[in-house]
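Below is one structure, written out as structure tokens; the observations come after it.
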Amino acid sequence: MSTALIPASSGATERFANPLQQIKGVFAQPAVRRSLPMALMVGLIAAAALAWMSLSTPPQKTLFSGLPDSDKAAVTSALTTANIKSHIDEGTGALTVGEDDYSRAKMLLAGQGLPKAAPGGYAILDQLPMGVSRAVEGERLRQARESEMAKSIEEIDAVAEARVHLAMPEASVFVRDNAAPSASVILKLQGGRSLSDAQVSSIINLVASSVPGMKPEAVTIVDQMGALLTKAGGNDGAGAASDARIDIQRRIEDKYRTQLIALLTPLVGAGNFTAEVQADVNLDESQATRESYEKQGVLRAETGNWTGNQKDGAGAAPGGIPGVLSNTPPAASTLSAPQPATGNPGTPVAQPVAGGPAPDAMKQSDQYQRAYDLGREVSVTRATPGGVKRLSVAVLLRDPEKGRRTAMEINQISDLVKSAVGFDQARNDNVTVISRKFAGATDAAAGPAWYDNAWLPVLARNGTAIVIALLVLLLGVRPIAKALMKKREDATTRPAFGQPIGELDGEGAPAGIGVAAPVSLDQLENTRGYDDRIGAVRGFTRDNPTRAALAVRDMIKADAK
């Protein structure tokens, strides 16, 4: 009994130890062999369908991520109404649309105000739960301030979006450990718009005034291109003066360029010319002060005395009390040259001047102190920068499609340009006007290249999917189908076992198919092929039904025992 069990167990072990042999045995079964081509064909068709679905679907692009459920429902409904297919990722919850529909979906949702803005500003404080720590309260308050500042900055016309980051250090009881707060602002400007220096200064002062203790120098502003909008030198000093001078030069050049565009556009058409202006502007600031005085002053005060000649009494009339010595005539005197009166004693009396008043004969000397008010004129001249020292203008015209511009026409346009910019030969101004063919004019008029069209990626995806499906059908499904049809034809045309193989008739059937030779047991045992054996069994059963029934009965009894 033990000897009978050992080989059985070893056979079972060998059978389970060779899974590859088992797989081969499964595929060697007749039913599996018959159904294998059909299963392979179904698999190839499924693979082709999967490839078609994966390649025909356009690549997805994330539209929004982290939206609440209410916003997801509203956005999905709006996209469905506009016939835009959307998909919600189950793992991340991101809302995606096709890459071709991304821009259209953005514009559609922006026009409808979707998605609704998440709670921001001081509304964040309303959702603050009770019992949070002081650090969390401080962070929420800082976030609320940042949101409110960003909303205020977005009210500026040229600003599309704004984000504010505040760096507010903790207050310390030690003065030397206190740090000043600072802020960083990133702006996303509208397309084709820019901020002036005045607007940048307004944003700086707005942010600095919103945080206690923050200085305007601690605010940094950057646009979406990474350009620094704040000036390192502040609003004062040499940096600001230099920027102001450069701004003056740019404005003067823009003024001349605008005049040229307004002049040449009606004449040659928009896009048919280009003009550049280089202005050499006098940016030096000069200041002069002048004082001048009148040669003849105005007498303001005079003090002093003078003495006369008392010896000469010839011309004096008698006077006094009669009978006293005062009535005695004076003694004879001699004449002397008059001395000029200069205010200093001992100086000669001034000589009479022709045409002037006669000198006083009785005056001998005088002494005066006189104060004069002299006339004073103060003139201050300040020349502000902005005067043009030299002007250079270059105008390039596009030649017409046929022919070229004549020299007379170019000279007329040159004269117009000189009149528009105020040409001055004294300051060596230069105006140059030429006419040439523009490079790339034909390509620009023809439009974008064929490989830049939006329909090309869609056509490539669909074409690739179709090619893959055709390859699967031609190289996979078609050979299998032909093999199955050939096998079926062979099975139909093969004569039954024991039937004499004669010539085939016109329909592909044996000529003597109605006459079948009887099958004996020896013939049944001598058959080798599986199909031949099955045919022999069928023929033996047809010829000997009784013996076949007895054989089946014996087999059933043997299995029962």
Side-chain angles (χ1 to χ4, degrees), residues 62-72 74-75 92-95 109-110 113-190 193-235:
T62 302
L63 189 63
F64 296 106
S65 60
L67 289 178
D69 295 338
S70 57
D71 286 342
K72 285 182 182 178
V75 170
T92 60
L95 182 64
L109 296 177
L114 295 174
K116 300 296 182 181
Y122 293 111
I124 300 176
L125 302 179
D126 297 337
Q127 301 179 358
L128 191 65
M130 297 181 61
V132 297
S133 62
R134 182 178 179 183
V136 175
E137 289 181 353
E139 290 296 322
R140 289 294 182 89
L141 180 60
R142 180 183 59 81
Q143 185 180 1
R145 287 180 177 176
E146 292 176 351
S147 301
E148 289 296 324
M149 289 184 193
K151 290 181 179 179
S152 300
I153 295 174
E154 288 175 358
E155 295 297 327
I156 300 177
D157 186 34
V159 179
E161 297 179 9
R163 293 190 65 183
V164 181
H165 303 280
L166 298 178
M168 303 175 63
E170 294 290 338
S172 176
V173 295
F174 301 100
V175 178
R176 61 185 179 184
D177 294 338
N178 286 331
S182 59
S184 300
V185 182
I186 181 169
L187 303 177
K188 182 179 180 181
L189 304 180
Q190 300 283 356
R193 305 290 297 275
S194 61
L195 293 178
S196 62
D197 294 338
Q199 290 175 323
V200 174
S201 300
S202 301
I203 296 175
I204 292 174
N205 294 326
L206 173 65
V207 176
S209 303
S210 302
V211 180
M214 182 179 294
K215 298 180 180 180
E217 294 80 7
V219 180
T220 303
I221 302 178
V222 181
D223 62 2
Q224 74 269 24
M225 302 302 294
L228 183 64
L229 302 181
T230 52
K231 303 296 187 299
N235 296 329

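In this structure Asp223 satisfies the salt bridge (charged side-chain N to carboxylate O under 4.0 Å, His left out) test with no other residue, sequence neighbours excluded. Partners of Ser196 by side chain to side chain contact (heavy atoms under 4.5 Å, CB included), not counting sequence neighbours, listed by chain and number: Ala198, Gln199. Listed by chain and number, the residues in a side chain to side chain contact (heavy atoms under 4.5 Å, CB included) with Ser210 are Met149, Leu206 (sequence neighbours excluded). Under the rule for a side chain to side chain contact (heavy atoms under 4.5 Å, CB included), Ser202 has no partner lying at least two apart in sequence or in another chain. Not a single salt bridge (charged side-chain N to carboxylate O under 4.0 Å, His left out) links Glu154 to another residue, sequence neighbours left out.
The shortest distance between side-chain heavy atoms of Ile156 and Leu187 does not fall below 4.5 Å. No side-chain heavy atom of Thr230 sits less than 4.5 Å from a side-chain heavy atom of Val219. The shortest distance between side-chain heavy atoms of Lys72 and Leu95 does not fall below 4.5 Å. Residues Leu229 and Leu195 form a side-chain contact, since some pair of their non-hydrogen atoms from C-beta on lies under 4.5 Å apart. Using a 4.5 Å heavy-atom cutoff, the side chains of Asp71 and Leu114 are not in contact.
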Side-chain donor-acceptor pairs of residues 157-168 under 3.5 Å, sequence neighbours excluded:
unit_1	atom_1	unit_2	atom_2	d
Asp157	OD2	Arg193	NH1	3.4
Asp157	OD2	Arg193	NH2	3.2

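Once rounded to the nearest 0.5 Å, the distance linking CD1 of Ile221 with CG of Leu228 reads 9.0 Å.
Pro169 approaches Ala179 most closely through the heavy-atom pair CG-O, 3.2 Å. Minimum heavy-atom separation, Asn205 to Ser209: O-OG, 2.7 Å. The two residues Pro212 and Pro181 come nearest to each other via the heavy atoms O-CG, 3.7 Å.
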**OP:** List the steps and the verdict of side chain to side chain contact (heavy atoms under 4.5 Å, CB included) for Ile153 and Val207.
**Re:** CA-CA 9 Å; Ile153 295 174; Val207 176; 4.1 Å; yes
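Salt bridge present: Arg142 and Glu139 bring a charged side-chain N and a carboxylate O closer than 4.0 Å.
Sorted by first and then second residue, the side chain to side chain donor-acceptor pair (under 3.5 Å) pairs involving residues 180-189 (not counting sequence neighbours) form an empty list.
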